[in-house]
Amino acid sequence: MNLVYTIINLVVLYLLLRHFLIRPVTQIMEKRKQMVEEGFKNAQDMQDQAARMKQEYEEALNGAKQESLRIVDSARRSAKAEYDRIVGEAGDKAGSIIESAKETVRVEREKTMKELQSQIAGLAVASAARIMGGQQNGQKDSILYDQFLKETAGETGEGSENED
Amino acid sequence: MEELNCETVFTLPVLGGISESVVVTWIIMAVLVVLSIILTRNLRVENPGKVQLALEAAISWAQDFFEGVIGKENRGYVPYLITVLLYLGVANTIALFGFKPPTKDLNVTAALAIMSMFVIEFSGIRKNGVKHWLKHFGQPVPVVAPIMALEVVIRPLSLCMRLFGNMLAGFVVLELLKYFVPLIVPIPVSFYFDLFDGLLQAYVFVFLTALFMTEEME
């Protein structure tokens with residue numbers, strides 16, 4: 001009879017211990033295991049994400065580098081064009097200034113020449129008149145005189161115009 | 001010597017006499033259950049206390065041990081084996097607290113052995129089916145069938161007798177020693193018989209049960 005009681009006792013003890021001892025402890029351990037696994041998974045995910053972001057950044061950085069190179073290059077090219085243009089303009093301007101200076105010089109010289117001519121003509125007339133006044137001989141001389149007068153008169157007219 | 005007898009503590013009207021070993025078993029049950037309730041009261045997933053850590057270490061050690069023997073896929077039997085291990089561990093060492101160990105009573109070890117027998121055969125049937133279970137008696141040749149059938153009884157019988165013999169012998173030796181030399185000398189002997197042998201027999205009992213289950217589930 002006591003054998004049966006012991007069996008019943010054992011079964012009851014089994015049920016009680018399973019309920020009060022083994023199940024709670026096992027559950028807690030399971031939960032912790034799950035948590036740890038979850039933590040590991042999260043960490044792995046984060047690491048993956050970080051690696052992905054790093055790659056993206058590197059790509060962006062690379063693109064930016066190329067972009068900056070391109071920008072610098074184009075800036076250099078446009079600066080060169082601008083430089084060429086400015087230098088060319090300056091050259092042109094200098095050329096035209098020189099040209100106009102030359103022109104001015106030429107005009108000045110012509111003017112001076114004309115003045116000189118008119119003065120020389122005046123001198124010539126004066127000297128001729130003195131010579132004519134001293135000799136008064138022949139028809140040939142009279143013709144020469146007229147001709148000379150005619151010529152100098154024309155030139156003096158011009159010279160006087162220029163002087164005005 | 002009256003210590004060797006299992007006295008009837010009291011008699012119930014219908015159920016008959018209740019022996020000492022059953023009463024001690026009740027005490028053990030009460031202690032185990034109350035301890036479990038106290039220890040598992042404040043279990044936490046994070047920042048477990050020292051007590052919880054020790055408890056988890058003990059339980060997981062036992063689980064790993066039994067799963068190692070009977071395999072991970074048969075972990076359903078582990079709680080029963082842990083229960084028997086705890087019960088036997090306490091029962092075999094309870095002499096330290098002045099109780100007569102219930103495992104010194106043949107009724108208790110027989111009850112344990114019968115339960116082991118049922119669990120062993122049940123695990124085999126559940127795993128491989130009744131047909132396979134019936135067939136395995138005729139393996140490897142049908143001539144051995146009677147021996148194989150005997151084995152069903154012999155295995156738990158050996159479990160029962162080993163436990164009973166060890167505990168009874170230890171108890172008797174200790175009582176004799178206490179009778180002749182009551183001072184100091186029983187201390188190391190008590191350590192050996194009550195603690196070491198008691199825990200060893202508990203271990204052997206559940207280990208063999210698990211081993212026979214594995215054999216049966218093959």
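Model, not experiment: these values are computed from the prediction. These values consider heavy atoms only, across backbone and side chains, with no hydrogens, waters or symmetry-generated copies. Just so we're on the same page: letters track the sequence lines, and every chain starts at 1.
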Any idea which of [options] has the most non-hydrogen atom pairs under 4.5 angstrom with chain A?
options: P79(B), S60(B), P102(B); answer: P79(B)
options: V78(B), L112(B), V84(B), T109(B); answer: L112(B)
options: L55(B), I82(B), I37(B); answer: I37(B)
options: T25(B), L35(B), I28(B), I59(B); answer: I59(B)

For this session: Please report the C-alpha distance between L61(A) and Y57(A) in whole Å, then the side-chain angles of each, then the deciding distance to 0.1 Å, and finally whether the side-chain contact (heavy atoms from CB on, under 4.5 Å) criterion is met.
Result: CA-CA 6 Å; L61(A) 207 64; Y57(A) 288 151; over 6 Å; no
Exercise. Is there a donor-acceptor pair closer than 3.5 Å between any side-chain N or O of R32(A) and the backbone N or O of R44(B)?
Worked result: yes
Exercise. Would you find a donor on one side and an acceptor on the other, under 3.5 Å apart, between the side chain of D197(B) and the backbone of G170(B)?
Worked result: no
Problem set entry | Part of L39(B) lying under 4.5 Å from any heavy atom of chain A | neither
For this session: Tell me, for M29(B) versus chain A, whether the close heavy atoms (under 4.5 Å) come from the side chain, the backbone, both or neither.
Result: both
Exercise. If you count heavy-atom pairs under 4.5 Å between each of T6(A), L16(A), V25(A), N9(A) and chain B, which one has the most?
Worked result: N9(A)
For this session: Describe, in one word, how the ring planes of F65(B) and W61(B) are oriented to each other, choosing from parallel (under 30°), tilted (30 to 60°) and perpendicular (over 60°).
Result: parallel
For this session: Please check if the distance between the ring centroids of F122(B) and F118(B) is under 6.0 Å.
Result: no
For this session: Please state whether the side chain, the backbone, both or neither of L17(A) comes within less than 4.5 Å of a heavy atom of chain B.
Result: side chain
Problem set entry | Neighbour count >12 (heavy atoms, 6.0 Å) for atom CZ, R106(A) | yes
